[in-house]
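Below is one structure; the comments refer to it alone.
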Amino acid sequence: MTNIYIYCLFDRNDVLHGVYSSVEAVHRDAVKLSVRLGVGKDILMEIGDTKQPANAKSLRNLLRGCFDVRVQYYTSRFVSAKIVKTKLKE
């Protein structure tokens, strides 16, 4: 059986913007959405209690091996985008 993971992108109002199969693609669109909706240019991502600058490599490493997890992107102090990783179930 093959595990298929999907990444759902939401804006700060929980409106779905897309469903992706690639971490790089969802990160790219989350950054675009954050820049468009955000106030500042510095984008941080938060998973659990850790905040760090947003980049695709860190996102991939944070999400490796887990599912049903949410990552929030921040500009200034406001949430601008959310990524939810889950897997397809048979």
Side-chain angles (χ1 to χ4, degrees):
M1 179 186 323
T2 303
N3 289 328
I4 299 174
Y5 296 103
I6 58 171
Y7 307 90
C8 302
L9 177 63
F10 297 92
D11 68 5
R12 64 176 156 210
N13 297 321
D14 291 331
V15 175
L16 180 67
H17 280 265
V19 178
Y20 302 84
S21 61
S22 164
V23 173
E24 289 81 13
V26 73
H27 170 74
R28 178 195 65 225
D29 287 354
V31 169
K32 284 181 185 177
L33 187 62
S34 297
V35 168
R36 188 168 36 130
L37 297 176
V39 179
K41 296 204 183 260
D42 294 331
I43 301 170
L44 297 174
M45 62 183 184
E46 176 186 50
I47 183 169
D49 294 333
T50 59
K51 281 188 181 177
Q52 58 188 15
N55 65 50
K57 186 177 179 180
S58 321
L59 179 64
R60 185 189 70 229
N61 292 338
L62 284 172
L63 294 177
R64 183 168 297 182
C66 2
F67 61 94
D68 292 336
V69 65
R70 180 171 61 180
V71 178
Q72 296 183 349
Y73 281 63
Y74 287 89
T75 54
S76 299
R77 61 182 186 270
F78 302 105
V79 174
S80 55
K82 298 172 198 145
I83 296 173
V84 177
K85 178 184 177 185
T86 188
K87 69 178 182 177
L88 294 177
K89 301 168 179 84
E90 283 187 43

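Residue numbers count from 1 along this sequence. Everything numeric here is computed off the predicted structure, so don't read it as measured data.
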Can you list the residues that meet the side chain to side chain contact (heavy atoms under 4.5 Å, CB included) rule with D11, with sequence neighbours excluded? N13, V15, H17, L33, L37
For S21, give me all partners under side chain to side chain contact (heavy atoms under 4.5 Å, CB included), at least two apart in sequence or on another chain. none
Shortest non-hydrogen contact from A30 toward I83: CB-CD1, 4.0 Å
Got a sec, which residues hit side chain to side chain contact (heavy atoms under 4.5 Å, CB included) with F67, two or more places apart in sequence or on another chain? Y5, K87
Minimum heavy-atom distance T75-S34, with the two atoms named: CG2-O, 3.7 Å
Please identify each residue that fulfils side-chain hydrogen bond (donor to acceptor under 3.5 Å, both in side chains) with T86, with sequence neighbours left out. D68
Looking only at heavy atoms, what is the nearest atom pair of A56 and H27, with distance? N-NE2, 3.4 Å
So how far is it from R64 CZ to K85 NZ, rounded to the nearest 0.5 Å? 9.0 Å
Does the side chain of L62 reach to within under 4.5 Å of the side chain of V71, using non-hydrogen atoms? no
Report yes or no: do Y74 and I43 belong to one cluster of Ile/Leu/Val/Met/Phe/Trp/Tyr joined by side chain heavy-atom distances under 4.5 Å? no
Residues 47-56 vs side-chain hydrogen bond (donor to acceptor under 3.5 Å, both in side chains), sequence neighbours excluded, gives N55-S58
Which of V79, L59, V35 passes side-chain contact (heavy atoms from CB on, under 4.5 Å) with Y73? Answer is L59
Quick one: do L63 and I47 satisfy side-chain contact (heavy atoms from CB on, under 4.5 Å)? Show the steps, please. CA-CA 9 Å; L63 294 177; I47 183 169; 4.2 Å; yes
Can you name the side chain to side chain contact (heavy atoms under 4.5 Å, CB included) partners of R70, sequence neighbours left out? Q72, K82, V84
